[in-house]
Amino acid sequence: MVTGRKTYLSFGKPLPNRKNMVITTSNNINDAGVLVFHSINEFIEYSKKHVDEEIFVVGGANIFEQLVPYADRLYKTEIEHDFDGDTYMPTINYDNFKLINTIPGKVDDKNIYDFNFKVFQKNKIKFAGVYFETFYKIFYSIHNFFCSFNIILFY
């Protein structure tokens with residue numbers, strides 16, 4: 001998972017059982033086992049070298065906004081209620097994604113509002129009769145020319 005500095009610090013410590021990555025211009029994160037990137041570009045370069053990893057973007061809003069163009073999949077929780085708040089998700093052009101799954105949430109003592117979990121997959125581009133994703137994988141494996149990575153927004 002990757003976060004911005006403020007979101008990471010709100011956890012109080014690295015979260016267990018996952019790779020913790022932080023994008024920050026600050027030099028004050030020195031926790032053992034935490035990968036720190038000092039720019040979005042530095043993180044993108046890391047991601048290109050780790051194409052088999054699913055990397056979940058868990059916030060904050062600025063990190064979401066900068067990484068939306070790179071996302072292959074979106075996991076979205078939609079709560080059927082209006083809330084007051086001071087931070088909002090960036091606008092996402094859902095024309096670039098296809099809804100592939102909707103799972104209704106269960107209303108209970110902890111979840112008092114109706115909600116749905118939705119999964120969106122980035123639309124594939126068809127190139128010369130072949131989906132670009134397949135074309136890319138073949139081309140990359142042969143020529144090591146193209147590169148891709150899985151960045152997933154989780155919100």
Which pair of heavy atoms, one from Arg18 and one from Asn20, lies closest together, and at what distance? O-ND2, 3.2 Å
Tyr8 OH to Ser26 OG distance, which is reported to the nearest 0.5 Å: 12.0 Å
Check side-chain contact (heavy atoms from CB on, under 4.5 Å) between Asn62 and all other residues, then give those that pass, not counting sequence neighbours. Gln66
For Lys19, I'd like to know if atom NZ has over 12 heavy atoms of other residues, nucleotides or ligands within 6.0 Å. yes
Determine the minimum heavy-atom distance between Asn116 and Pro104, stating which atoms define it. OD1-CA, 3.3 Å
Hey, mind stepping through Tyr94 and Phe120 against ring pair (Phe, Tyr, Trp, His ring centres under 6.0 Å) and telling me if it holds? CA-CA 8 Å; Tyr94 284 94; Phe120 297 85; 4.8 Å; yes
Provide the closest heavy-atom pair for Val68 versus Pro90 in the form atom of the first, atom of the second, distance. CG2-CG, 4.5 Å
Test side chain to side chain contact (heavy atoms under 4.5 Å, CB included) applied to Met1 and Ile55, step by step: CA-CA 5 Å; Met1 82 171 181; Ile55 301 172; over 6 Å; no
Please round to the nearest 0.5 Å and tell me the distance separating atom CD1 of Ile29 and atom NE2 of His38. 9.0 Å
Please report the shortest heavy-atom distance between Pro14 and Ala32, naming the atom on each side. CG-O, 4.4 Å
Taking side chain as C-beta onward, heavy atoms only, is Val36 less than 4.5 Å from Val34? yes
Excluding sequence neighbours, so at least two apart, what forms side-chain contact (heavy atoms from CB on, under 4.5 Å) with Asn96? Asn93
Determine whether Leu35 and Leu67 fall in the same hydrophobic cluster, where Ile, Leu, Val, Met, Phe, Trp and Tyr are linked whenever their side-chain heavy atoms lie under 4.5 Å apart. yes
Output the distance between atom CZ (Phe43) and atom CE (Met21), rounded to the nearest 0.5 Å. 5.5 Å
If we count only N and O atoms by modelled type, under 3.5 Å, do the side chains of Asn41 and Ser39 hold a donor and an acceptor together? no
Check the pair Phe64, Met89 against side chain to side chain contact (heavy atoms under 4.5 Å, CB included), reporting the backbone distance first and the verdict last. CA-CA 8 Å; Phe64 275 127; Met89 286 293 300; 3.7 Å; yes
Any chain of hydrophobic side-chain contacts (each under 4.5 Å) joining Phe37 to Ile40? yes
Under the 3.5 angstrom rule, does the side chain of Asn123 hit a backbone N or O of Asp95 as a donor-acceptor pair? yes
Nearest 0.5 Å, what's the NZ-CG distance between Lys118 and Leu99? 6.0 Å
What distance do Asp114 atom CG and Lys106 atom NZ have between them, rounded to the nearest 0.5 Å? 13.5 Å
Heavy-atom neighbours of Glu42 CD exceed 12 at 6.0 Å: yes
Note, Ile63 side chain near Thr3 side chain (heavy atom, < 4.5 Å): no
Walk me through it: do Tyr70 and Ile44 pass the test side chain to side chain contact (heavy atoms under 4.5 Å, CB included)? CA-CA 9 Å; Tyr70 302 99; Ile44 297 299; 3.8 Å; yes
Search all heavy atoms of Arg5 against all heavy atoms of Asn28 and return the closest pair with its distance. CD-OD1, 3.8 Å
Take atom NZ of Lys98 as the centre, draw a 6.0 Å sphere, and report whether it contains more than 12 heavy atoms from other residues, nucleotides or ligands. no
Inter-residue atom distance Asp31.CG - Phe11.CZ, 0.5 Å rounding: 12.5 Å
Is there side-chain contact between Val22 and Val2, with at least one heavy-atom pair below 4.5 Å? no
Centres of the Phe83 and Tyr113 rings: under 6.0 Å? yes
Minimal heavy-atom distance between Ile79 and Phe115, with the atoms involved, is CA-CB, 3.9 Å
Worked check of side chain to side chain contact (heavy atoms under 4.5 Å, CB included) between Lys76 and Leu74: CA-CA 6 Å; Lys76 181 179 183 183; Leu74 306 176; 5.5 Å; no
Side-chain donor/acceptor of Asp108 to backbone N/O of Asn111, under 3.5 Å: yes
